[in-house]
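Remember, predicted model here, so these are calculated numbers, not experimental data. The first residue of the sequence shown is numbered 1, and numbering continues consecutively from there. For the numbers below, each heavy atom of this structure counts, side chains included, while hydrogens, waters and symmetry mates do not.
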Amino acid sequence: MDKKISRMRRAIPTRRKIAELRVNRLTVFRSNQHIYAAIISPEGNTVLVSASTVEPEVRQQLAGQTGQGGNTAAASLVGKRVAEKAKAAGIELVAFDRSGFRYHGRVKALAEAAREAGLKF
């Protein structure tokens, strides 16, 4: 079994529980170079809000730093940005879906920054 399949297997119980709760979910995906966050509706078919290190505004703020999208500073910036967009859209309560990634490093930095910016989960 490769890494991706193992991660997806770890994600299944979390997604099942979040679907049971019927709340918006904050999903995270991280690659080696970037991190992405999106808030998805309870039905799972609509992305309500998203933010990532690929966005031009985020790229400008990270310009000149080493490891521009693949570090905890970039992850915390994305977490803050997704929380601000969510509050503007009227979303305050979400369930955190870490997509099978360990709650450590960039994933943890994103979650803590979103909490500090006002999201509740």
Side-chain angles (χ1 to χ4, degrees):
M1 203 175 331
D2 66 348
K3 285 172 62 173
K4 184 176 179 183
I5 293 172
S6 296
R7 182 181 65 79
M8 295 309 293
R9 282 185 60 217
R10 285 192 303 270
I12 290 170
T14 305
R15 294 213 173 123
R16 190 175 298 136
K17 181 63 179 179
I18 292 171
E20 211 175 274
L21 295 173
R22 307 280 302 154
V23 295
N24 294 322
R25 65 186 170 114
L26 171 61
T27 60
V28 175
F29 177 76
R30 66 174 176 81
S31 66
N32 287 338
Q33 290 185 333
H34 297 288
I35 190 157
Y36 307 83
I39 296 180
I40 300 174
S41 68
E43 296 79 35
N45 57 1
T46 309
V47 174
L48 305 171
V49 175
S50 67
S52 71
T53 53
V54 180
E55 295 177 347
E57 297 86 14
V58 177
R59 302 292 303 159
Q60 284 180 341
Q61 291 180 345
L62 296 173
Q65 296 180 8
T66 57
Q68 295 172 354
N71 57 19
T72 56
S76 61
L77 184 64
V78 170
K80 182 180 173 188
R81 190 166 166 82
V82 77
E84 289 169 354
K85 286 182 175 182
K87 292 197 72 132
I91 301 168
E92 295 212 5
L93 181 68
V94 295
F96 188 62
D97 178 7
R98 55 191 173 82
S99 303
F101 295 110
R102 286 188 292 165
Y103 188 78
H104 179 269
R106 290 188 286 161
V107 175
K108 183 177 178 181
L110 189 143
E112 289 176 352
R115 277 194 192 106
E116 288 174 10
L119 273 183
K120 293 184 181 92
F121 51 96

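Counting only residues at least two apart or on different chains, the side-chain hydrogen bond (donor to acceptor under 3.5 Å, both in side chains) pairs with a member in residues 103-118 are Y103-R115. Listed by first and then second residue, the salt bridge (Lys or Arg N to Asp or Glu O under 4.0 Å) pairs that reach into residues 81-101 are R15-D97, R25-D97, E55-R81, E55-K85, E57-R81, E92-K120, sequence neighbours excluded. Applying the salt bridge (Lys or Arg N to Asp or Glu O under 4.0 Å) test to pairs two or more places apart or on separate chains, none has a residue in residues 45-54. For the side-chain hydrogen bond (donor to acceptor under 3.5 Å, both in side chains) condition, no pair includes a residue of residues 1-13, sequence neighbours left out.
Of all the heavy atoms in L26 and A37, the pair that sits closest is CD1-CB, 4.1 Å. Of all heavy-atom pairs spanning A11 and G100, the tightest one is CB-N, 3.7 Å. Between A113 and S76, the shortest heavy-atom contact is CB-O, 3.2 Å. Taking all atoms of both residues into account, the shortest heavy-atom contact from S52 to V58 is O-CG2, 3.5 Å. A pairwise comparison of heavy atoms in V23 and A95 identifies CG2-CB, 3.6 Å as the closest pair.
Enclosure of atom CG in N32 is not indicated, since only 12 or fewer non-hydrogen atoms of other residues, nucleotides or ligands lie within 6.0 angstrom.
Hydrophobic cluster membership of V47, counting Ile, Leu, Val, Met, Phe, Trp and Tyr whose side-chain heavy atoms lie under 4.5 Å apart directly or via other members: I40.
With a 4.5 Å cut-off on side-chain heavy atoms, L119 and I39 count as touching.
Hydrophobic clustering of Ile, Leu, Val, Met, Phe, Trp and Tyr side chains at less than 4.5 Å, counting indirect connections, unites L110 with L48. Linking Ile, Leu, Val, Met, Phe, Trp and Tyr residues whenever their side-chain heavy atoms come within less than 4.5 Å places V49 and V107 in a single cluster. Hydrophobic clustering, with ILVMFWY side chains joined whenever heavy atoms are under 4.5 angstrom apart, groups I91 together with V78.
Residues satisfying the side chain to side chain contact (heavy atoms under 4.5 Å, CB included) test with I12, not counting sequence neighbours, are R16.
The distance from atom CZ of F96 to atom OG1 of T14, rounded to the nearest 0.5 Å, is 10.5 Å. Expressed to the nearest 0.5 Å, how far CZ of F121 lies from CG of N24 amounts to 13.0 Å.
Checking V28, V54, T72, N71 one by one against I35, the side chain to side chain contact (heavy atoms under 4.5 Å, CB included) holds for a single residue, V28. When each of H34, R30, Q33, Q61 is tested with T53 by the rule side-chain hydrogen bond (donor to acceptor under 3.5 Å, both in side chains), just one qualifies, namely H34.
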